[in-house]
Amino acid sequence: MAISAATARTDGPTSQPLDVIGWLRGRGVTVAAVTLIGVQLGLKGALLAGGYFRQDDYHYLDRAAASGFGWSYLMVVDSGHLLPLGMTIAWLQSRLGMYNWPLTAGVILLMLAAASFAMLRMLLTIFGRRPGILVPLGIFLFSPLSLAGTDWWAVAIEILPLEAATFLAVDAHVRYLRSGRLRTAAATAAWLAVGMAAMEKGAVVPLLLLGLTAAFLVPQVRDVRRYWRAWAIYGGVLACYVAVFFVQLHTSAVQPGKPSSAGHVLSLTETMVGTSLVPGALGGPWHWATGSGYDQAAPPVVLRYLAWAVAVIVVVVTCLRRARAWRAWALLAGYIVAADFVPVVIGRLGGYPPSLLGAQTRYLTDATGMLALCAGLALLPVTGEPDPYRFRPAALRRPLAAAAAVLVCAVAVGSVWSLERLQSVSNATTDTARSYIATAEAAVADAPPGTVIVDSAVPEVIMDVGLFWNHALTSDVIAAVTVPSQHLTWRQTLHGAAAEPMIFDDQGRLWPAAVIGQYSWPGPRVKKGPFAGQYCWPVTAAGTRVPLLGSLYRYAWTIRVAYSGSSDALTAGFPGGTSGTVALPAGGHVAYLTAGGGGKTVTLRGAGGGLCVTGVTVGSLQPDTTKLPIPPLPVPR
């Protein structure tokens, strides 16, 4: 017994490393995959640390903050997109932390982790626990095509839930085909519904399942019919979604349309495939356009052609080596056409240049997952697939492995470089946006209660007013962070007496608003009447012509009138133009109104004749930089 105990004490510690090695051998692929996912989350977390809101982000959050949680909010088709799941995320975030970027970055990383683990689960189900799955997983994790779904919140809440739902739908469908259990088909249908709720591209996923089944998951194409129950369930989900989409389509400001010419379609194809897709699939674009506010690919010409050459070689080699590889590339092409290309053609191409649309990688972000899946199908056999390879000559094994290793390393280096370049390009605009929003939040917090704020466009780095129109105004973007008890009021135009209206500058500070343009002299000395001895323009019912020091072109101008006298109704306008009328309180005040026209003269008319105008200024409302703003200095970020 003593010898046995000694033996047990001796064998215990020395056998433990062998147990660890044995455990790693059985789970090494999973450990490596989880490590890759962790590295990806670290890299993209660093990208998010330097990111901020932009463009559509503000529109989604502002709309969420102003809406109740109901059908009319969730089911509005926004510029062709029906995304109740994304709108739910936006609604919750607007309540938890409006313009809170750390919260936003955390939500994006959680969704990214969910999509990454869903991809891993799908690959394990389709291919088994083999080292080769690390290649398609790496494509999904590190392809620069996916960056727009990470650093841009409005894209992330659409694409990341769609990707996670798509991968889990494929996983459940494959399990259904292997087990025949109808409950896994029901699970597939549930994930399809989640994907469609994420965005309209989810409607393509049932077609993806059909193509995947016919090409790789059944012995013969005709065997697809054996699973008619599943197809009926999937078709029912798709039919319900299509019905809801077209019923709600009238709520979209952007309606489907035809492209202006076949040349535009060809130009879009060339740019989307040649500039964004192929370079992005191989670690590009290595260079990004600056100042657009969007992730626009701008690869160097030499690298673009090199990427095309490498892509052709990869497709040819995989098709020669693996019998069904061509089906994988055909499946990828079909998905991209249906999910990414056609929606842009019918929903965007009529209003924007094809070169601009094709270079925006956000339209191809969801293609990253399909690229990874189809690359796996082109390289690896599906579990249980008979005779997957045309040939496996031993003489070519090492050269092919070496070439593959070189390609993987080159793509990895290119991906890291593209990530770093995007981060450097976006830093300038994100710093400006951070400072503007922080400064504007401080301004409205310190503004006197009851302040009237003249509405104006936010800077282009926040929202492009040419794209978003009234949604790109401070009354939408900044009013969303005000406290109701302050009773701040936004006005597009000033009408009536106002003590000291204010206006935002392009740094987010609130300034007293001034009418900048042409002005009059104080007026002649009044010889008789109630205003005798004063220098002003007495206003009569017949009309008083007030000359300006300079001429104005025809426009809808703001007229600022400084006056004293009894209460009256004042009408002001230009000869040959339109007039505006405003009710004036008694006393000495400043009043504003709007009139259309031009020239060097403003005509004033009063109903009672008890007004004495001491000054008239005609122009546009701008910050009065001779006074102090709120806050005195922009908030640095």
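The shown structure was predicted, so the numbers you read here are calculated from the model rather than taken from an experiment.
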Quick one, Met502 with Val454, criterion side-chain contact (heavy atoms from CB on, under 4.5 Å). Give me CA distance, side-chain angles, the key distance, then yes/no. CA-CA 6 Å; Met502 306 193 80; Val454 180; over 6 Å; no
Quick one: does Phe245's side chain get under 4.5 Å of Met75's, heavy atoms only? no
So do Val635 and Tyr436 actually touch side chain to side chain, heavy atoms under 4.5 Å? no
Would you check, one step at a time, whether the test side-chain hydrogen bond (donor to acceptor under 3.5 Å, both in side chains) holds for Thr30 with Arg129? CA-CA 8 Å; Thr30 304; Arg129 201 179 302 272; 2.3 Å; yes
Classify the ring geometry of Trp101 against Tyr52: parallel below 30°, tilted from 30° to 60°, perpendicular beyond 60°. tilted
Classify the angle between the aromatic ring planes of His59 and Phe468 as parallel (below 30°), tilted (30 to 60°) or perpendicular (above 60°). tilted
Does the side chain of Asp505 come under 3.5 Å of the side chain of Trp511 through a donor N or O and an acceptor N or O? yes
Euclidean distance, [Y] [atom2] relative to [X] [atom1], rounded to 0.5 Å:
| X | Y | atom1 | atom2 | answer |
| --- | --- | --- | --- | --- |
| Ile108 | Leu41 | CD1 | CG | 12.5 Å |
| Leu473 | Gln492 | CG | CD | 6.0 Å |
| Ile503 | Leu510 | CD1 | CG | 9.5 Å |
| Lys44 | Gln423 | NZ | CD | 13.0 Å |
| Leu141 | Ser146 | CG | OG | 8.5 Å |
| Thr150 | Leu43 | OG1 | CG | 10.5 Å |

Looking only at heavy atoms, what is the nearest atom pair of [X] and [Y], with distance?
| X | Y | result |
| --- | --- | --- |
| Gln40 | Ser116 | NE2-OG, 3.2 Å |
| Val342 | Ala338 | CB-O, 4.2 Å |
| Ser418 | Trp286 | OG-N, 3.0 Å |

Could you give the side-chain donor-acceptor pairs of residues 155-172 under 3.5 Å, partners two or more places apart or in another chain?
unit_1: Glu158; atom_1: OE2; unit_2: Tyr60; atom_2: OH; d: 3.1
unit_1: Thr166; atom_1: OG1; unit_2: Leu162; atom_2: O; d: 2.7
unit_1: Asp171; atom_1: OD1; unit_2: Thr125; atom_2: OG1; d: 2.4
unit_1: Asp171; atom_1: OD1; unit_2: Arg175; atom_2: NE; d: 3.2
unit_1: Asp171; atom_1: OD2; unit_2: Arg121; atom_2: NE; d: 2.9
unit_1: Asp171; atom_1: OD2; unit_2: Arg175; atom_2: NE; d: 3.1

Looking at [X], I want to see if its [atom1] is surrounded by more than 12 non-hydrogen atoms of other residues, nucleotides or ligands under 6.0 Å.
| X | atom1 | value |
| --- | --- | --- |
| Trp329 | CH2 | yes |
| Leu628 | CG | no |
| Glu270 | CD | no |

Quick one, Arg362 with Asp340, criterion salt bridge (charged side-chain N to carboxylate O under 4.0 Å, His left out). Give me CA distance, side-chain angles, the key distance, then yes/no. CA-CA 10 Å; Arg362 59 174 172 152; Asp340 301 327; over 6 Å; no
With a 6.0 Å cut-off on ring centres, are His173 and Tyr234 close enough? yes
